[in-house]
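Below you'll find the structure, written out as structure tokens, and then a few comments.
A note on names: the letters A, B, ... follow the listed sequences, proteins ahead of strands, and every chain is numbered from 1.
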Amino acid sequence: MADITKRSVDYSRWYLDVIQAAELAENSPVRGCMVIRPNGYSIWEMMQRWLDDRFKELGHVNAYFPLLIPKSFLAKEAQHVEGFAKECAIVTHSRLKTVEVDGKITVVPDPASKLEEELIIRPTSETVIWDTYRKWIQSYRDLPVLINQWANVMRWEMRTRLFLRTAEFLWQEGHTAHATAEEAREETLKMLECYRWFAEDILAMPVVCGAKTPRERFAGAVETFSIEGMMQDNKALQAGTSHDLGQNFAKAFEVKYQTSEGTEEFVWATSWGVSTRLIGALIMSHSDDAGLVIPPKVAQRKAVIVPIWRDDEGRDLVLAKAKELQEMLKPAIGFVQIDDRDNMRPGWKYAEWERKGMPIRIELGPRDVANDACVLATRHDGQKHQTPLSDLVSAVTGHLDRMQTELYEAALKRRAENTHRLETWEEFTALYEGPGGFAHCHHCGDTACEEAIQTETKVTIRNIPLDAEAEDGQCIRCGKPSSKRVLFAQAY
RNA sequence: CGGGGCGUGGCGCAGCCCGGUAGCGCACCUGCUUUGGGAGCAGGGGGUCGAAGGUUCGAAUCCUUUCGCCCCGACCA
């Protein structure tokens, strides 16, 4: 196992090393795609469980729409096609045939199977879903439609990074239809709040909720909202988005309903999503030079028992006790693995479980068995706690709760230390030539000014925070009047 | 798509300049001794040297083309 590059040496390298060391994912034979390994996928499964339960509590149901979309669908909403056309994979044929080239058998698309209408691999599902909703929605009695789907999508990105930006990724996309603009806006903000809750309470990652500027808006949305987290290198990561689509898609796909008064109206729409990018966010929020650190709420397995022995007698004794502990812990935290591999010594196992981010490690040797105790090690702070076996269950659950809280508090503290209110362009450029971070500044709202800031400093407006207070000021760059502060940062 | 670096057993690398029987460390397998923070000894298995052409008696090494990866740009949920 190669050593993990230190964060302080090379943050990007560290990020990739952690993914490799914790066996989360690896590159696939196809550029830009990734194999998500069991350790990584288990995190996604935990995320799915929390979110899916919450979506359903909020009244949504799941459905599944197809991977392939007729090419013509994408052209129906003007902004939408402009936003996604450049990154679509296209299916042109339905068969291969074998041919011999230079004495070798190879396969080529069979020209006879060329598709009459080419198909697009979905970069997002608005179009096929709205085409379907047209058939489902007739009356105000059919509204609202509150559907979510768990799916893969593909966006042919130029430059990719495991989890943060991959050509294919897994996500959920909610697509809702409403009778009024107010109701759609309410849904948009409700789901944004759902994402805030998930990021902060489950992922232990504080986020800033706000509205995107027009140039950062989703292609086809009237208004886009996002949650933005701060990574350990002080860069921002957009961790979830919720869009108010207005009537754009309803008009493009002619989705109308009859009101109780008998008039005909276009419906109002939202869409919202989070993706496997959140796994990247998680890594970059909490992990350290020893490897992965994740909050217990998304750890499928919360603890491992590492038995220690010197001889066969000790081995029998310790393993028997370990099995007792395993049974004892099961009702509280589920399956706990006993790492009884005897081709490696305890020190190796400690290091390995630390790399993989196991929240709690229970060390159990003959001495502990004799004392009715064990050593309980917590991953996030590296501490060891001598623990009587009679207190084990409460100690474990207590440490898990503490870990969840402390990870959030540490992330919050780090964000606070790297968040600034700036008034002048000199302060602004100095911040981003130096350590970087979040900057709350006034901005004129002009897109050209926003672009100039990005060109000059690589800093973008992440969002306009929902809790920004009205305050008269002057644009950080051009000095024109502004009525509230926006959030600036360098972003992934 | 532009600039730079790199492709040699699973991983990390040497060998290349100066062509001549593919090596090292880790991992893996077997055995013994070990086991409270990354064990030791002995034996063993595994590589068309990214790919394709070319030069040559002979290519990991020289030449040409090409593919992929990493970093920096451009681009971007």
Check ion pair A/R361-A/E352 (N to O, under 4.0 angstrom): no
5′-ward residue of the pair A/R13/A/V369 relative to RNA chain B: A/V369
Aromatic ring proximity A/Y11/A/Y15, centre distance under 6.0 Å: no
Integer-rounded Å distance: B/C76 P and A/F218 CZ: 15 Å
Touch class at under 4.0 angstrom, heavy-atom based, for A/R361 against every strand present: base
Length of the line joining A/K235:NZ and B/C76:C1', which is rounded to integer Å: 13 Å
Whole angstrom value for the distance that separates C1' of B/U35 from OH of A/Y350: 10 Å
Options B/A74, B/G37, B/G36, nucleotide nearest the side-chain atoms of A/K384: B/G37
Listed nucleotide nearest any side-chain atom of A/L16, set B/A39, B/C70, B/A74: B/C70
Rounded distance (nearest 0.5 Å) linking atom CD of A/E118 with atom OG1 of A/T92: 6.0 Å
Rounded P spacing from B/A59 to B/G54 in Å: 12 Å
Closest to side chain of A/D368, choosing from B/G37, B/G36, B/C76: B/G36
So which protein N/O to nucleotides 30-34 of chain B N/O distances come out below 3.5 Å?
residue: B/U34; atom: O2'; partner: A/R345; partner atom: NH1; Å: 3.4

Length of the line joining A/E82:CD and B/C76:C1', which is rounded to integer Å: 14 Å
Distance flag, aromatic centroids of A/Y133 and A/F249, threshold under 6.0 Å: no
Separation between the C1' atoms of B/G53 and B/G15, rounded to whole Å: 24 Å
Polar side-chain atom of A/E450 near backbone of A/T460 as donor-acceptor pair, under 3.5 Å: no
A/D244 side chain to A/E223 backbone, donor-acceptor under 3.5 Å: no
P atoms of B/G19 and B/A52, separation to the nearest Å: 24 Å
Interatomic distance, A/L466 atom CG to A/E193 atom CD [nearest 0.5 angstrom]: 9.5 Å
Touch class at under 4.0 angstrom, heavy-atom based, for A/V375 against every strand present: base
Among B/A39, B/C71, B/G73, the one nearest A/S12 by side-chain distance: B/C71
Phosphate OP1/OP2 of B/U35 contacted by A/N343 side-chain N/O (<4.0 Å): no
Runs of at least three Watson-Crick or G-U pairs with RNA chain B, cut-off 3.5 Å: B:1-7 with B:67-73, B:10-13 with B:23-26, B:28-33 with B:39-44, B:50-54 with B:62-66
Nearest-Å distance for atom pair CZ/P, residues A/F84 and B/C76: 12 Å
Whole-Å C1' distance, B/C29 and B/U48: 24 Å
Spacing between A/E363 atom CD and B/U35 atom C1', to the nearest angstrom: 13 Å
Nearest-angstrom distance, P atom, B/A14 to B/G50: 13 Å
Touch class at under 4.0 angstrom, heavy-atom based, for A/P366 against every strand present: base
Euclidean distance for P, B/G47 against B/G36 (whole angstrom): 36 Å
Closest to side chain of A/R165, choosing from B/C70, B/C76, B/G37: B/C76
Interatomic distance at C1', B/C26 relative to B/C62, whole Å: 33 Å
Distance in angstrom units between A/E87 CD and B/C76 P, rounded: 9 Å
Separation of A/N148 CG from A/M191 CE (nearest 0.5 Å): 7.5 Å
Phosphate contact (B/C72 OP1 or OP2) by A/R159 side-chain N/O below 4.0 Å: yes
Pairwise distance CD(A/E327) to CG(A/L329) - rounded to 0.5 angstrom: 9.5 Å
A/D17 CG to A/T5 OG1 distance, which is reported to the nearest 0.5 Å: 3.5 Å
Protein-nucleotide distance (A/N27, atom CG; B/C11, atom P), rounded to Å: 12 Å
Residue A/K86, side-chain atoms from C-beta onward, closest of B/C72, B/U35, B/C76: B/C76
Pair of N/O donor and acceptor under 3.5 Å linking B/G37 base with A/E354 side chain: yes
Touch class at under 4.0 angstrom, heavy-atom based, for A/T124 against every strand present: nothing
Check: A/E23 main-chain N/O paired with A/R355 side-chain donor or acceptor under 3.5 Å: no
Euclidean distance, A/E173 CD relative to A/W272 CH2, rounded to 0.5 Å: 10.0 Å
Interatomic distance at C1', B/G20 relative to B/G4, whole Å: 34 Å
